[in-house]
Student: 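Here it is, the structure, as structure tokens.
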Amino acid sequence: YSSAASDVYKRQVNNLDIFENCEINDEHWFGGIGSIVVYDSKRDYWRTLDASRGVPYGEIRHLEPDTNYIWAASYYEIKKIDIKTKRSVSTRLSEYLNNSYIKDIALIDNYLWITTEYKLLCYNINSEVIIPFNFVGNINEINDYVDIITKFYTIFYDGIKLYVATNQGIIAYNNVNSTWELIADPGLVIAALANRTRTIRLGTGVTSLPYHHPLIVADRMAVSYTHL
């Protein structure tokens, strides 16, 4: 594999759409459209993994490495790819996520957290058991929101807490003490923004009273409208 060939490959890679990247050992992985480009920096060697290697269909927007595998996700599927063989390994995720629109993934210890358009799921990568988020840890602090959180977006892990953006604000799971909490409530965010603008129209949207404790709703609305 010559240096000239490597230069040609790099020029080709520069013309690709790259959506995500990660680093594992001496390798850099880049998620493209239906393919993953891998660069071995130690050997100055490039290669492309495609559908023949089990790479997910569509734009590879998420790459989460663990010790032996990289979890690659597009909007349509998640694949477990062996770092050594560069081939996907069979899992039950295709069965679990059939017809789901995948938003984001985050790997924390032995658990792969997955947001689809309407679900937040926790997948044990060893036992292959997958459960909804509200069956993980203590949900007392967000219990009033569980039934009305109907959409999930991005997730972010800072080493202690997993932050999840939802249609009801931001919730967080503390990986140390296994508890959930509400980080940002839309009503309180509006209250904070109201003090900082005179030109933007702010609204609280709709609160479905049967799914909330009335005292909590009254308290949130009182704070919001005091500042509007």
Side-chain angles (χ1 to χ4, degrees), residues 1 6 9-10 12-98 100-117 119-131 133 136 152-165 173 175:
Y1 192 79
S6 178
Y9 205 105
K10 280 187 277 189
Q12 293 174 342
V13 170
N14 286 337
N15 294 322
L16 296 177
D17 291 322
I18 300 297
F19 304 97
E20 175 66 304
N21 68 88
C22 72
E23 183 177 350
I24 182 75
N25 301 325
D26 295 315
E27 294 183 339
H28 303 266
W29 292 52
F30 302 91
I33 300 177
S35 67
I36 296 174
V37 178
V38 181
Y39 173 61
D40 186 328
S41 59
K42 189 174 182 179
R43 296 190 297 160
D44 190 27
Y45 179 81
W46 294 81
R47 68 186 301 178
T48 299
L49 315 180
D50 56 20
S52 65
R53 296 260 172 178
V55 169
Y57 167 78
E59 299 169 357
I60 313 300
R61 291 189 168 270
H62 310 287
L63 295 170
E64 287 284 337
D66 62 25
T67 306
N68 300 307
Y69 303 96
I70 285 184
W71 299 84
S74 67
Y75 288 129
Y76 312 108
E77 54 184 347
I78 300 173
K79 292 296 184 72
K80 176 183 180 181
I81 301 177
D82 189 296
I83 293 172
K84 286 186 176 181
T85 65
K86 304 295 188 293
R87 292 185 180 276
S88 67
V89 178
S90 177
T91 72
R92 298 185 65 187
L93 281 175
S94 296
E95 171 190 338
Y96 290 135
L97 300 174
N98 187 34
S100 295
Y101 189 77
I102 299 162
K103 292 281 191 176
D104 208 350
I105 64 173
L107 185 64
I108 305 175
D109 300 325
N110 293 319
Y111 297 93
L112 185 69
W113 289 85
I114 305 164
T115 54
T116 69
E117 191 168 11
K119 295 178 182 180
L120 171 60
L121 302 168
C122 182
Y123 171 75
N124 187 312
I125 64 175
N126 293 323
S127 67
E128 292 209 88
V129 172
I130 193 166
I131 58 176
F133 79 99
V136 179
F152 299 89
Y153 306 106
T154 60
I155 49 182
F156 171 74
Y157 182 57
D158 67 358
I160 297 177
K161 292 182 179 181
L162 175 74
Y163 297 88
V164 185
Y173 175 70
N175 196 45

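We count residues from 1, following the sequence as given.
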Student: Which distance, rounded to the nearest 0.5 Å, do you find between the OH of Y75 and the CG of D104?
Tutor: 10.0 Å
Student: Kindly give the heavy-atom pair with the smallest separation between I155 and A106, and that separation in Å.
Tutor: CD1-N, 3.6 Å
Student: Going by the rule salt bridge (charged side-chain N to carboxylate O under 4.0 Å, His left out), which residues pair with R92 if we only count those two or more places apart in sequence or in a different chain?
Tutor: E95
Student: Hey, which of T91, L93, L112 is the one that makes side-chain contact (heavy atoms from CB on, under 4.5 Å) with K80?
Tutor: T91
Student: Show every salt bridge (charged side-chain N to carboxylate O under 4.0 Å, His left out) that has at least one partner inside residues 56-74, sequence neighbours left out.
Tutor: E59-R61
Student: How many angstroms lie between atom CD1 of I83 and atom CD1 of I81, to the nearest 0.5 angstrom?
Tutor: 10.0 Å
Student: Counting distance only, does the side-chain N/O of T115 pair as donor-acceptor with the main-chain N or O of Y153 below 3.5 Å?
Tutor: yes
Student: Would Y173 and W113 count as a close aromatic pair, with their ring centres under 6.0 Å?
Tutor: yes
Student: Counting C-beta onward and ignoring hydrogens, is there a side-chain heavy-atom pair between I114 and I78 closer than 4.5 Å?
Tutor: yes
Student: When rounded to the nearest 0.5 angstrom, what distance separates CG in L49 from OG1 in T85?
Tutor: 9.5 Å
Student: Using only atom types and a distance under 3.5 Å, with no angle test, would you say the side chain of S74 pairs donor to acceptor with the backbone of Y76?
Tutor: yes
Student: Look up atom OH in Y111 and atom CD1 in I130, then write down how far apart they are to the nearest 0.5 Å.
Tutor: 13.0 Å
Student: Quick check: do V55 and I60 have side-chain heavy atoms less than 4.5 Å from each other?
Tutor: yes
Student: Please find the pair of heavy atoms, one from G31 and one from L63, that lie closest to each other, and give the distance.
Tutor: N-CD1, 3.8 Å
Student: Would you say I70 and C22 make side-chain contact, with heavy atoms under 4.5 Å?
Tutor: yes
Student: Write down the atom of P56, the atom of A72, and the distance for their closest heavy-atom approach.
Tutor: CG-O, 3.4 Å
Student: Is the closest side-chain heavy-atom distance between V164 and L162 below 4.5 Å?
Tutor: yes
Student: Does the gap between the ring centers of F152 and F133 come in under 6.0 Å?
Tutor: yes
Student: Taking all heavy atoms of I125 and all of D109, pick out the closest pair and write down the distance.
Tutor: CD1-O, 4.4 Å
Student: A side-chain contact here means heavy atoms from C-beta on lying under 4.5 Å apart; do I131 and L121 qualify?
Tutor: no
Student: Looking at CD1 of I102 and NZ of K119, how far apart are the two atoms once the value is rounded to the nearest 0.5 Å?
Tutor: 12.0 Å
Student: CG of D44 to NZ of K42: how many Å apart, nearest 0.5 Å?
Tutor: 13.5 Å
Student: Using only atom types and a distance under 3.5 Å, with no angle test, would you say the side chain of S88 pairs donor to acceptor with the backbone of K79?
Tutor: no
Student: Is the shortest heavy-atom distance from the side chain of W29 to the side chain of I36 under 4.5 Å?
Tutor: yes
Student: Below 4.0 angstrom, N of the basic side chain to O of the carboxylate: do D158 and K161 qualify?
Tutor: no
Student: Under the side-chain hydrogen bond (donor to acceptor under 3.5 Å, both in side chains) rule, what do E128 and Y123 come out as? Steps first, then yes or no, please.
Tutor: CA-CA 6 Å; E128 292 209 88; Y123 171 75; 2.6 Å; yes
Student: Taking all non-hydrogen atoms of both residues, which atom of Y157 and which atom of N175 are closest, and how far apart?
Tutor: OH-ND2, 3.4 Å
Student: Within a 6.0 Å radius of atom OH on Y57, are there more than 12 heavy atoms belonging to other residues, nucleotides or ligands?
Tutor: no
Student: With sequence neighbours left out, write down each residue that passes salt bridge (charged side-chain N to carboxylate O under 4.0 Å, His left out) with K86, or none if nothing qualifies.
Tutor: E27
Student: Between the side chains of N21 and H28, does any donor sit under 3.5 Å from an acceptor?
Tutor: no
Student: Looking at every heavy atom in both E117 and K103, which two are closest together, and how far apart are they?
Tutor: N-CG, 4.0 Å
